[in-house]
Amino acid sequence: MFTRFYKIYLIIFTVVWIPVGLLQADDGSQLWLRYDRVSAQIAALRTISSKSSHASAQLAVQELENYWAGQHIELVLDQRKQSWKDGYQIQGNSQKLRITAYQPIGLLYGAYDLLRRQQVGQEFSEPFEVSEIPTFDLRVLNHWDNLDRTVERGYAGHSLWLWDELPGSISPRYVQYARANASIGINTVVLNNVNASPQILSSTYLQKVKVLADLFRPYGIQVYLSANFSSPAVIGGLDDSDPLRDEVQQWWAMKAKEIYNLIPDFGGFLVKANSEGQPGPQDYGRTHAEGANMLADVLQPYNGLIMWRAFVYNPTTEDRAKQAYAEFLPLDGQFRDNVIIQTKNGAIDFQPREPFHPLFGAIKKSKQMVEFQITQEYLGFSNHLVYLAPLFKETLDADTYAYGSNSTVAKMTDGTYHQQGKSAIAGVANIGADDNWTGHHFAQANWYSYGRLAWNHTLSAADIAEEWIQATFDKDPNFVKPVKDVMLKSREAAVNYMMPLGLHHIFAFDHHYGPEPWGDIPNARADWMPWYYHNASTSGVGFDRTATGSNAVAQYNEPLQQIYSDVATCPETLLLWFHHVPWTYQMRNGNTLWDELCYRYDAGVSDARHFQKQWDELEAYVDKERFLDVQKRLAIQSHDAVWWKDAVLLYFQTFANKPIPHDIEPPKHQLEELKKIKLNLKHHN
Ligand code: GCV
């Protein structure tokens, strides 16, 4: 009996462990682009043909030649299909497929579509037909990369852009980056930080930018730059940068001419103005519209666009969440057609959970786009596994009620309700020079899912996760299912162990890693202090944004105003965002607010531990290098979850004066110990 058991054990042991040794070390640098190169024999059995000699069409041919193991493929441009924009159609049967597109880049997108289907092992039905037209025209990555190669809020090493070596020397990673973006439909990149150095517009840097633009062009990627509004004064030598002065306008016009001479398809400028110390038109008593329109007029002859950020707030307002609306709504309708207002998904700043920004339900006569943060400034940097597609979807699918129900944020920005000209969506990139591009291997999924949703915002977070796991790791359902489960739970877990029930911005000062609900710096801006957001006292916790408080609820359309205003109808996930409630407030499940907070933090910790356990059980499916790297980061995540739980509960307990329920794990730390933690993390800008 014993011997038989031992033998079985040995077999299981062998089955489980041998593949680990066989899986080659993998640094993750291939991202999701792990296509197998086809053999010469297979290649000889099929033809890939295109009449177009356009560089993008030729890239499509090359990708299929290299990796398509199926039937013949014909690539066709059809000039009648203008309405398809850069989309495509794939039709055919087991003998032959045809990819048809209006634009050459559509052929490349179609090629990547086929390769993705092949990669996930999709059976091609007979006859096969699929049509895709992207939901947003401009699918944008914002790089917050500085010219010294630091990356603001970047957690994957230095900037990809080797400015010192450009234009003479070209890193092979530029093309790999372009290819990765094209494979998910990203077609616009802003190369530099919105806290922009004026030097990016100097002739020296423009020569470097030109090289990148030339490399990216065949992949359908248009380059934009973040422009510093003071550039005319700083690099042009003018007295000031007042947008209504002729000399200033002439300087920008000359600059535009110089740029378009070098880069005829240059996209335009992204501008952060009069925000967090950046210069802007208000420095000269001009409005955001006057500033944006001046630049828009300058770029208009070249079809250039201005993406003008609505991320503005200053220390004097009673509620930071209200300011962008207050400043931008009165300007609605005053912006030129080639200006798009770029608005963060929520009204504060990329928090683990925010209600959607009220400007999405209010701006009706100007163009507007959502900005998401793919880099995890507020979500554990590249240490925490947090799959962001559920967060992106939550905003995109949120109903603004601007035109009755079903006026979702996505529809308010994708051209459904407003003529958008070019509709757009932006994500702040999480990409750096690290071998695996994003620091955490699972952060690649955030780049991927952002791109997939920008292409088609109706895709589900679950489907995207599944295809990403299959492409990046393994197709075995015994692996895919639990990993997908971890990914789909991860955002809610992070909300729970960091800031459940609508709590927000109780991060450690400046670097935003870890908890500091007690944070208080004498004479610092109130709206940079955690107490401003949580308002904890013995009477309760939360920000009263109803009519008895800042009345930020009034910026939402009905019925949201009412729903959010009434503590009984406000979603509990946003309770402390909109309400200041007593610790004894009774939640819908019967718990007091205090107990519920304790349980939420505890649930977050349990989930983080579950992720570790789950990953450990999947060792056989993953190469050692990626397995160990993810394992190490999951341990940090679990540790941080406990840190968050203890810090926030112990601190709030000093106000709530209630015991931590006995059925959860008691704190491991002392509050005073936790208060001493000061991480030496530099915030680069
Ligand atoms: C680029 C937050 C970040 C800043 C960032 C800013 C912005 O405040 O902490 O690093 O600056 O948002 O989006 O402009």
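Counting convention: from 1, in listed order, for ligands and their atoms alike. Side-chain atoms are counted along with the backbone in the values below, which use heavy atoms only and exclude waters and symmetry mates.
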- Message: I'd like to check which ligand 1 atoms, numbered from 1 as shown, lie under 4.0 Å from a non-hydrogen atom of Phe311.
- Response: 6 (C), 7 (C), 8 (O), 12 (O), 13 (O), 14 (O)
- Query: Does Tyr313, backbone or side chain, put an N or O under 3.5 Å from an N or O of ligand 1?
  - Reply: no
- Message: With respect to Trp144, determine whether any N or O atom, backbone or side chain, lies less than 3.5 Å from an N or O atom of ligand 1.
- Response: no
- Would you say Asn193 touches ligand 1, if touching means a heavy atom closer than 4.0 Å? yes
- Message: List ligand 1 atoms under 4.0 Å from His512, heavy atoms only on the residue side.
- Response: 9 (O)
- Message: When you compare ligand 1 with Asn195, is there at least one nitrogen or oxygen pair between them that comes in under 3.5 angstrom?
- Response: yes
- By side chain to side chain contact (heavy atoms under 4.5 Å, CB included) - contacts of Asn338 (at least two apart): Ala296, Gln300, Leu305, Arg336
- Tyr313 and Trp528 aromatic ring geometry - parallel, tilted or perpendicular at 30°/60° bounds: perpendicular
- Residues in side chain to side chain contact (heavy atoms under 4.5 Å, CB included) contact with Phe216, at least two apart in sequence or another chain: Trp161, Tyr174, Tyr177, Ala178, Val189, Leu191, Leu212, Ile221, Val223
- Item | Interfacing atoms of ligand 1 (cut-off 4.0 Å, heavy-atom, Val194) | 1 (C), 14 (O)
- Message: Over 60° means perpendicular and under 30° means parallel, so tell me whether Tyr533 and His505 are parallel, tilted or perpendicular.
- Response: parallel
- Please confirm whether Gln373 comes under 4.0 Å of ligand 1, counting heavy atoms of the residue only. no
- Of Glu492, His384, Lys645, Arg600, which is the lone residue that meets side-chain hydrogen bond (donor to acceptor under 3.5 Å, both in side chains) with Tyr497? His384
- Message: Which label fits Phe392 and Phe372: parallel for a plane angle under 30°, tilted from 30 to 60°, or perpendicular past 60°?
- Response: tilted
- Query: Can you tell if the side chain of Tyr205 reaches within under 4.5 Å of the side chain of Ser197, non-hydrogen atoms only?
  - Reply: no
- Per-atom filter on ligand 1: closer than 4.0 angstrom to a heavy atom of Glu152 are 1 (C), 4 (C), 5 (C), 10 (O), 11 (O)
- Which ligand 1 atoms, with their elements, are less than 4.0 angstrom from a heavy-atom of Arg153? 3 (C), 4 (C), 9 (O), 10 (O)
- Atoms of ligand 1, numbered as shown, that sit under 4.0 Å from any heavy atom of Glu377: 3 (C), 9 (O)
- Task: May I ask whether Lys344 has any heavy atom positioned less than 4.0 angstrom from an atom of ligand 1?
- Result: yes
- Message: Is the ring pair Trp643/His639 parallel, tilted or perpendicular, if the boundaries are 30 and 60 degrees?
- Response: tilted
- Query: Going by the order shown, which atoms of ligand 1 are within less than 4.0 Å of some heavy atom of Lys272?
  - Reply: 1 (C), 6 (C), 7 (C), 11 (O), 14 (O)
- Flag, side chain of Ser423 to backbone of Asp137, donor-acceptor distance under 3.5 Å: yes
